[in-house]
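Note that the structure is a prediction, hence the values are computed from the model and not measured. Chain A is the first sequence line, chain B the second, and so forth, proteins listed ahead of strands; every chain is numbered from 1. These values consider heavy atoms only, across backbone and side chains, with no hydrogens, waters or symmetry-generated copies.
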Protein chains: 2
Amino acid sequence: MKYINTVSGCKNCPYRALIFGSLDNKELDFLEKTRKEIFYKKGDVLTKEGTSINEFLYLKTGLLKVYKTRAGNKTHIIRIAGPSDFVSLLSMFSNDKYKYSIAAIEDTTVCVVDSESIKFLAKSNGEFALELMKRMSYTYDEIIDSTYRIRQKHLRGRIAYILLYFAQKVYRQNRFELPISRREIGELINMTTENVIRILSEFRKDQIIFIDGKIIEIKDIERLERIKKIG
Amino acid sequence: MKYINTVSGCKNCPYRALIFGSLDNKELDFLEKTRKEIFYKKGDVLTKEGTSINEFLYLKTGLLKVYKTRAGNKTHIIRIAGPSDFVSLLSMFSNDKYKYSIAAIEDTTVCVVDSESIKFLAKSNGEFALELMKRMSYTYDEIIDSTYRIRQKHLRGRIAYILLYFAQKVYRQNRFELPISRREIGELINMTTENVIRILSEFRKDQIIFIDGKIIEIKDIERLERIKKIG
DNA sequence: ATTTAGATATGATAATTATCATATTCAAAA
DNA sequence: TTTTGAATATGATAATTATCATATCTAAAT
């Protein structure tokens with residue numbers, strides 16, 4: 001991680017409206033007092049499950065994974081978070097310890113403000129509190145939805161789901177570089193590493209995708225959509 | 001459903017401290033203006049996914065299931081909610097439509113207040129807003145946690161999990177009546193009805209449980225705990 | 001009282017997925 | 001450069017789970 005010289009503050013931040021829309025300039029000044037902008041390299045761990053929550057994280061650029069580690073070192077990736085996701089909203093208001101770990105899966109820039117400042121503003125500004133709740137609830141609902149959606153699919157359907165997720169939601173391109181390993185894909189959509197590799201190979205043989213290491217190109221998106229739906 | 005004559009108000013409610021601890025008497029009076037107490041019989045549907053959220057529900061006695069219906073009439077039960085659970089917190093602040101359906105799986109009494117009143121108080125009373133967030137976040141975290149915990153277990157482990165859940169968390173007795181059918185158990189822990197029945201029969205043959213229709217008695221709790229852990 | 005639909009029950013079989021074994025490639029560290 | 005460990009890859013097999021078939025039981029509706 002590396003501190004970045006802050007170029008511009010919250011007031012002109014393109015993401016301001018997403019969550020800080022109800023804060024006035026005075027309140028933003030208050031937030032900025034504890035604000036830091038931090039750069040994390042791919043692979044860096046931002047927070048670890050069980051450690052104290054002191055900061056409110058706010059993703060500007062890059063990609064993070066939110067995950068949980070269970071007995072036997074088994075890891076579940078709960079979600080992938082991108083710009084405009086409010087990744088530390090989870091568990092921040094219910095717990096003083098992180099319930100999830102967060103790591104960068106791409107080079108990432110985050111804004112960090114003191115979590116007590118956020119709580120103070122939530123207390124004093126009801127509009128802001130409602131905005132936080134809205135965001136939080138939306139984020140959680142998405143997690144639950146995708147979990148149940150994935151669990152009813154077969155292996156091929158899950159791989160189709162995750163490839164389309166990266167292509168459509170994250171990179172908005174049919175050709176992209178996977179930010180995570182085959183093992184991590186398995187941790188995200190609940191299957192073994194071998195089967196992730198196997199199904200990807202199947203898709204390659206069926207000319208649905210092109211693979212070169214972590215580079216994936218979707219060649220037959222209709223077919224992939226169909227596989228996602230049925231299986 | 002049936003309206004109940006309100007005997008005592010929020011001020012003396014045993015659950016007041018759980019979520020309304022930060023509201024003063026004046027604010028409680030405000031809430032009580034729209035407050036109704038409603039009785040639902042087992043099987044009654046309280047809310048349906050997709051309909052407008054107008055009320056804030058607050059479970060006093062009984063048991064509810066929170067569920068989602070997918071394409072092909074496939075149902076997922078997201079959670080079982082009991083007294084002191086704040087069942088309509090989910091999606092209330094992110095959406096004006098329910099994201100989940102709710103039905104009574106036992107005779108149930110709920111308090112209902114206008115959702116706009118709750119939002120008004122959240123806006124004007126920051127402490128209350130934080131309490132709501134805390135509850136909401138806690139509830140969501142529990143759902144996510146149990147989902148991931150269940151999905152890594154085998155069938156026997158899942159049945160052990162759900163039996164111990166009812167015995168320990170819901171009824172606090174080794175002998176209890178299942179509030180849901182075998183099919184619904186499957187919808188909750190992700191397995192087919194046949195396999196739910198089969199594993200229950202296995203447990204009966206192994207003298208781990210006694211079964212008489214919906215009545216279950218856990219005879220060998222240590223063994224069940226072990227099955228829950230390993231499988 | 002009879003019908004009927006749904007719930008419970010069990011066996012046989014098919015489908016799905018994990019595990020184990022082994023090989024190769026790749027990238028980081030010595 | 002060599003070594004080493006992790007990631008990718010593929011096949012064979014075992015384990016797990018779903019599906020299909022069929023039967024009985026139960027409770028609600030006629």
Taking the six-membered ring for Trp, is the centroid-to-centroid distance between A/F86 and A/Y58 below 6.0 Å? yes

Show your working on side chain to side chain contact (heavy atoms under 4.5 Å, CB included) between B/K153 and B/R158 and close with a plain yes or no. CA-CA 6 Å; B/K153 289 185 204 303; B/R158 291 187 215 162; 3.9 Å; yes

Under 4.0 Å between a Lys/Arg side-chain N and an Asp/Glu carboxylate O for B/R226 and B/D220? no

I'd like to compare against my own output: the B/S/- annotation of nucleotides 22-27 of chain C with a strict under-4.0 Å heavy-atom distance to protein. ------

Student check: side-chain heavy atoms of B/I221 and B/Q168 closer than 4.5 Å: yes

Look at B/K214 and C/dT8 and indicate whether a side-chain polar atom (N or O) is within less than 4.0 Å of OP1 or OP2. yes

For a quick check of understanding: with a heavy-atom distance under 4.0 Å over all strands, which category does A/T192 fall into, base, sugar-phosphate or nothing? base

Is B/R156 touching bases, backbone alone, or none of the nucleic acid, heavy atoms closer than 4.0 Å? nothing

Remember a base hit wins even if backbone is also touched, and classify A/I197 as base, sugar-phosphate or nothing at under 4.0 Å, heavy atoms. base

At what distance, to the nearest 0.5 angstrom, does SG of B/C111 lie from CZ of B/F56? 10.5 Å

Please determine if a side-chain N or O atom of B/R182 lies less than 4.0 Å away from the OP1 or OP2 oxygen of C/dA7. no

What range of DNA chain D does chain B touch, first nucleotide to last, counting atoms under 4.0 Å from its heavy atoms? D/dT16 to D/dC20

Indicate yes or no for a side-chain donor-acceptor contact from B/T108 to the backbone of B/E106 under 3.5 Å, with no hydrogens or angles considered. yes

What is the distance from CG of B/L200 to P of C/dA7, rounded to the nearest Å? 15 Å

Please give, in whole Å, the distance from C/dA7 P to B/L178 CG? 14 Å

Rounded to whole angstrom units, what separation is found between the CD atom of B/E187 and the P atom of C/dG6? 14 Å

Heavy atoms under 4.0 Å, any strand shown: does B/R198 hit a base, just sugar-phosphate, or nothing? base

Quick one: are A/V45 and A/Y40 in side-chain contact, heavy atoms under 4.5 Å? no

Nearest heavy atom decides the nucleotide; on that basis, is A/I180 or A/H154 closer to the 5' end of DNA chain D? A/I180

With nearest nucleotides of DNA chain C determined for B/E194 and A/M191 from heavy-atom distances, which residue corresponds to the more 5′ nucleotide? B/E194

Regarding A/Y165 and A/S146, do their side chains bring together a donor and an acceptor under 3.5 Å, going by distance alone? no

Are the side chains of A/I118 and A/D114 in contact, using a 4.5 Å heavy-atom criterion? no

